[in-house]
There are 2 protein chains.
Amino acid sequence: MKVAAIGIQEVARAAGVSATTVSNVINGRDAKMRAETRDRVISAMKAMNYTPNALAQQFKSGQNKTIGLMVPSVASPFWGAVAHHVERAAHLRGYRVLIGNTTRDHSEEVRYGEMLLASGVRGVILGSAHVPFDHFRPLLDRGMQLASFGGRPAEGNDLLGASVSVDADLVGRLSAMHLLGLGHRRIAVLTGPIRSEAHMQRLAGIRSALASQGVELGEDLIWRAQNRGSSDDNEGLEQGRIGVRELLATPEPPTAIIAQNDIFAIGAYAGAADLGFSIPRDLSIVGFDDILFAAVLRPGLTTIRQSVPDMADGIVAVLVNQLSGKGDAHPHIRSTPELIVRGSTAPPGAANTRLASS
Amino acid sequence: MKVAAIGIQEVARAAGVSATTVSNVINGRDAKMRAETRDRVISAMKAMNYTPNALAQQFKSGQNKTIGLMVPSVASPFWGAVAHHVERAAHLRGYRVLIGNTTRDHSEEVRYGEMLLASGVRGVILGSAHVPFDHFRPLLDRGMQLASFGGRPAEGNDLLGASVSVDADLVGRLSAMHLLGLGHRRIAVLTGPIRSEAHMQRLAGIRSALASQGVELGEDLIWRAQNRGSSDDNEGLEQGRIGVRELLATPEPPTAIIAQNDIFAIGAYAGAADLGFSIPRDLSIVGFDDILFAAVLRPGLTTIRQSVPDMADGIVAVLVNQLSGKGDAHPHIRSTPELIVRGSTAPPGAANTRLASS
DNA sequence: ACACCCTTGTTTATCGATGCACCAAAAGCG
DNA sequence: CGCTTTTGGTGCATCGATAAACAAGGGTGT
């Protein structure tokens, strides 16, 4: 069963030096030996096809070149893309990525965090930050570095090592301004049960943009999904569908909808179609994230893009930096959102005439 | 910098026993001690909030409760879903999952495999199996177990520890039979550059189903994407779009298309729309995988579902079994595909009359 | 009464890489 | 020439958990 492991000892023997010298070669401490000796060791390593046992290195150093990534679900297009780019960025820096689907469940998050800590992982990137982070405090006390992708809570800043997020207020403004510019006045918001800081800020951005045109966002125009158990982020599809149907069934339905994200927006497409509403003629929809499918839908989804590759690379860079001890205290990377106009938004049309049908 | 680690020694001291006894408690060797002693140790562990250092355990045993997962890209809806369910299944069995995006590149696969091996990972699940597997032989020789998700090459069976795949021949048959049943006779195939065994079998299934009705699948009706560099599995979208346009621009365009997977199929929706073809009136489309979006598209995508949760759970179960030394030699799990009929397929319509427009 | 075994532990060696203390030989130096 | 310093290494302890070998006390069969 046991595989014949080629260790540093065997290499040392083959090269006629001590294990320490081989170790020095591996770690590039060239000043510690003659060039001739180093070459001899290197060729011995090559000949034996030797790779240092990473497990032993990590064990000895206590440092683990691995970062943990917690996302609601990698099956979600958005978080899947995040995972992809985080892995790429980490790989580039010699780090591995352990992935965990936590379905936004606090106890899952903690369990997974414990496992990571026990495995020597000291840096974790947290997708979809929850407010508050208090359940992570025990982990942090034991030396874990926490980085957040997509939000930083107003309170509990001290818990977070680093974070990257899009300017949520601006996201809200961009979506609202775009719709206002098209002439919409009755604008609804379709959102999930998540109450993160980012969500609040986005809502605030929407509100202030609307207010600048004298439009108010009444509570009746905010549809919030109920939280139901296994939030694997794809149920947004169904929630968006339900939400838009309820919004459109009101006496005075909105002419435009700002969706929590593209998944909700795509659900909204289906919900609107269920009621015979045509997009964008009867209803304009703005999403968020710009997932791959946004461009392929018919009509194309107007959405606010967050640059996942940049954000992923940024947060990984900062986290890796911190893990090697040279980071700032609490860096925050702010990414700029971008409005992508496609076919799902247009000036308000004949929505009122269609109302009777429902 | 160094975090005060609570080790087995500290617990032993606190409980007034030896480290070995604590180890025995951890590993449930209850017969080795009195119940009273065990309880004392357990409460000491609780009091000190002790977790065994997984790194040390792995280092000692050489066994690593981690499995590697190589997929073309987790950003792809299908592989994202696979990653999700593999992670769940592994987590359930106490395993972690290291993820790697290999973009179907051989040297990336090998590099990642080397990294895994150095980290003590002995079991790897390979998404989208490439033929042949020879580049993995050096890894296998050093004790790595390879499992394949989605295909098993005809040759090189000995390299593969385990595999799970859908009955590809049946997939082909199901798609073709469905279209034949609707009355289609001119059926095209839209496929990527990948030449895996599964693809061959699927094509064979299509061919034999068509042949049973006296229909032939000419080479002019098989559109193959060119391979271009970074195959991150989402370019299928663009490829499907291009492919369908080329197919529809021929003198005698097909009335139905079988796409390599749902991504290609969605691309085909866009391509058909580009040319003014309406689905399913002018063109029927059958996909493969049944990704989440298949149900949300307008019209819904008729597709062949592979049960990702079952397959993921199956392959993880087998692999974990093998890693603990009690597995069969080369088990293969075969999953049954299922035809999901939605709105993208219908009897052939007025396609010929539209032909002039292009 | 003596050999033998079972229970309930303890001591010791080990996995592979690494940091620290140490040391022999060569080189500099007044 | 006797002294220190530099060069180019070697040997040993160590990280935390664990398997193997061993031991002390008590019962048991003959």
Side-chain angles (χ1 to χ4, degrees), chain A residues 1-42 44-45 48-65 117-122 142-143, chain B residues 1-42 44-45 48-65 117-122 142-143:
Chain A
M1 277 300 125
K2 192 138 238 170
V3 183
I6 40 324
I8 205 170
Q9 291 293 350
E10 285 73 51
V11 177
R13 203 169 310 132
V17 295
S18 74
T20 301
T21 300
V22 178
S23 171
N24 284 334
V25 171
I26 295 170
N27 294 40
R29 276 181 276 273
D30 291 10
K32 287 276 181 185
M33 77 210 67
R34 251 173 306 168
E36 186 262 326
T37 310
R38 193 200 51 205
D39 294 346
R40 195 150 33 92
V41 172
I42 287 179
M45 298 199 302
M48 307 178 77
N49 208 338
Y50 164 78
T51 319
N53 183 330
L55 226 50
Q57 291 178 313
Q58 292 164 11
F59 167 59
K60 184 67 167 67
S61 68
Q63 283 285 343
N64 192 324
K65 275 191 174 284
L117 198 61
S119 307
V121 177
R122 297 269 298 268
R142 280 181 281 161
Chain B
M1 276 302 124
K2 191 136 238 170
V3 183
I6 33 346
I8 204 170
Q9 291 291 351
E10 285 72 51
V11 177
R13 203 170 310 132
V17 295
S18 75
T20 300
T21 300
V22 177
S23 171
N24 283 333
V25 171
I26 294 169
N27 294 44
R29 275 181 276 274
D30 292 12
K32 287 274 181 185
M33 76 211 71
R34 253 174 304 165
E36 186 260 327
T37 309
R38 195 199 51 205
D39 294 345
R40 194 149 34 90
V41 171
I42 286 179
M45 297 198 304
M48 308 178 76
N49 207 337
Y50 164 79
T51 319
N53 182 329
L55 225 50
Q57 291 178 314
Q58 292 165 11
F59 166 61
K60 183 67 167 70
S61 67
Q63 284 283 343
N64 191 324
K65 274 190 172 285
L117 199 60
S119 307
V121 175
R122 297 271 299 266
R142 282 182 279 161

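Numbered from 1 within each chain, the chains take letters A, B, ... in sequence-line order.
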Can any side-chain N or O of A:Arg38 pair as donor or acceptor with the backbone N or O of A:Val25 at less than 3.5 Å? no
A:Lys60, nearest nucleotide to its side chain (from D:dT18, C:dA17, D:dA17): C:dA17
It should be established whether A:Thr21 places a side-chain nitrogen or oxygen under 4.0 Å from OP1 or OP2 of nucleotide D:dT10. yes
Length of the CZ-P vector between A:Arg40 and D:dG8, whole Å: 13 Å
For D:dG16, does either OP1 or OP2 sit under 4.0 Å from a side-chain N or O belonging to B:Tyr50? no
Using heavy-atom distances to pick each residue's nearest nucleotide on DNA chain C, tell me which of B:Ala35 and A:Thr51 is more 5'. B:Ala35
Nearest listed nucleotide, side chain of A:Ser18, among C:dG9, D:dA17, D:dT10: D:dT10
Write down the distance between CZ (A:Arg13) and P (D:dT10), rounded to a whole number of angstrom. 14 Å
Return the nearest nucleotide to the side chain of A:Gln57; candidates are C:dA17, D:dG9, D:dC15. C:dA17
So which heavy atom on A:Ser119 is nearest to which on A:Asn64, and how close? O-ND2, 2.6 Å
Under 4.0 Å, heavy atoms only, any strand: does B:Val17 hit a base, just the sugar-phosphate, or nothing? sugar-phosphate
CD1 of B:Ile6 versus C1' of D:dA17: gap in Å, rounded? 14 Å
Please check if the side chain of A:Arg122 supplies one atom and the backbone of A:Gly143 the other of a donor-acceptor pair under 3.5 Å. yes
A:Gln9 CD - C:dT18 P separation (whole Å): 12 Å
Can you measure A:Met33 atom CE to D:dT7 atom P for me and round it to whole angstrom units? 14 Å
Please determine if a side-chain N or O atom of B:Arg29 lies less than 4.0 Å away from the OP1 or OP2 oxygen of D:dA19. yes
Under 4.0 Å between a side-chain N/O of A:Arg34 and OP1 or OP2 of D:dT7, yes or no? no
Below the 4.0 Å mark, does C:dG9 have OP1 or OP2 next to a side-chain nitrogen or oxygen of B:Thr37? yes
Round to a whole Å and report the spacing from CG of A:Asn53 to P of D:dC15. 19 Å
At 4.0 Å (heavy atoms only), tell me whether A:Asn27 reaches a base, stays on the sugar-phosphate, or touches nothing. sugar-phosphate
Evaluate the side chain to side chain contact (heavy atoms under 4.5 Å, CB included) criterion for residues B:Ile6 and B:Val11: first the C-alpha distance (whole Å), next the side-chain angles of each, then the deciding distance (0.1 Å), finally the verdict. CA-CA 8 Å; B:Ile6 33 346; B:Val11 177; 5.6 Å; no
Contact class for B:Arg38 (heavy atom, under 4.0 Å): base, sugar-phosphate, or nothing? nothing
In this structure, how many angstroms lie between the P atom of C:dA17 and the CG atom of A:Asn24, rounded? 13 Å
Between the base of D:dA19 and the side chain of B:Thr20, is there a donor and acceptor pair under 3.5 angstrom? yes
What one should report as the nearest heavy-atom pair of A:Ala14 and A:Met48 is CB-SD, 3.8 Å
Least distance between heavy atoms, B:Ile26 atom then B:Tyr50 atom: CD1-OH, 3.6 Å
Here the distance between atom P of C:dG19 and atom CD of A:Gln63, to the nearest Å, is 12 Å
